[in-house]
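To start, the structure under review is shown below, and the notes come after it.
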Amino acid sequence: MRGALITIEGIDGAGKSTLAAGLVRAFRSLELLREPGGVELSERIRALVKDPALRVDPRAEALLYAAARAQLVAERVEPLLAAGRPVLLDRFVDSSLAYQGAGRALGVDAVRAVNAFATGGLVPDLTLLLALDPAQGRVRAAGRGEAPDRLEREADGFFARIGAAYAALAREEPGRWVVLDAAAPPDDVLAAARTAVDTALGGRA
Ligand code: TMP
């Protein structure tokens, strides 16, 4: 049987990495990968898209994320799913729809088309949205003490558009998305996520 594909989405600072780590502890069979990254080519693209020293046109940005995704899907995600392994992805196509489609105003449909090509039409079985007020996300991301990357330097309006786009995507496909309150205590967020993942895995840990 094919493995399930589970994705985590949300604005920067929403707590995706913490949630991913908690889920991997709870479900040992999950293979955790991150985007952009996970394989050599995609990790190199990650360094490019995050570099504050580079000028990156929005269309080029969308294509770079899609290229990183295409390689990760071909090299790791599809073989794992085909072998029956469940995969947990820290960000996937919906990040591009929210960040490039809405944040960069390229249009969600245009970015969706590019990504359908990149992934061969791969759609997650479950998407966990860590919903957080964008202003709060900025405070949390700044609190990490790391220098902001190229995207984290964007103005507040960019993150407001992304937050609204995520909410709209979740409303459009309620059967795939589970919305979690990222402002709740981390243990509560993890407990709610575990219930959803357990269902997606059909009770198989
Ligand atoms: P992160 O892995 O630390 O969340 O960094 C990834 C950054 O790239 C984050 O700011 C979100 C952004 N991003 C996009 O803009 N589009 C995408 O498709 C993906 C996967 C990430």
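Numbering of ligands and ligand atoms starts at 1, following listing order.
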Glu152, Arg153, Arg150, Arg91: member with heavy atom nearest to atom 4 (O) of ligand 1: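 Among Glu152, Arg153, Arg150, Arg91, the closest heavy atom to atom 4 (O) of ligand 1 comes from Arg91.
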
Nearest candidate to atom 7 (C) of ligand 1, where distance is taken over non-hydrogen atoms, out of Tyr65, Tyr99, Phe158: Tyr65

Any [X] side-chain heavy atom under 4.5 Å of [Y] side chain:
{"X": "Arg153", "Y": "Pro52", "value": "yes"}
{"X": "Leu128", "Y": "Val197", "value": "yes"}
{"X": "Phe158", "Y": "Leu151", "value": "yes"}

Note the single closest protein heavy atom to [atom], along with its residue, its atom name and the distance in Å.
{"atom": "atom 9 (C) of ligand 1", "result": "Asp12 OD2, 3.3 Å"}
{"atom": "atom 20 (C) of ligand 1", "result": "Arg69 NH2, 3.4 Å"}
{"atom": "atom 18 (O) of ligand 1", "result": "Ser96 OG, 2.6 Å"}

Distance-only donor-acceptor check, side chains Glu9 and Tyr166, under 3.5 Å: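 The criterion, which ignores hydrogens and geometry beyond distance, is satisfied for Tyr166 and Glu9.
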
Atoms of ligand 1, numbered as shown, that sit under 4.0 Å from any heavy atom of Arg46: 1 (P), 2 (O), 3 (O), 5 (O)

Atom indices of ligand 1 within 4.0 angstrom of Leu151 heavy atoms, with elements: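 Matching atoms, with element in brackets: 10 (O), 15 (O).
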
Criterion side chain to side chain contact (heavy atoms under 4.5 Å, CB included) against Thr7, the qualifying member of Asp90, Asp125, Leu89: Leu89

Leu48, Leu106, Val56 screened by side chain to side chain contact (heavy atoms under 4.5 Å, CB included) with Glu61, the one that passes: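 For Glu61, the side chain to side chain contact (heavy atoms under 4.5 Å, CB included) test succeeds with only one of Leu48, Leu106, Val56, which is Val56.
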
Glu61 near ligand 1 by a heavy-atom separation under 4.0 Å: no

Lys50 contact mode with ligand 1 (heavy-atom cut-off under 4.0 Å): side chain

Polar proximity ligand 1 side, Gln100 side, N/O cut 3.5 Å exclusive: yes

Ion pair Arg138/Glu154, N-O distance below 4.0 Å: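 Result for this pair is no, no salt bridge flagged.
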
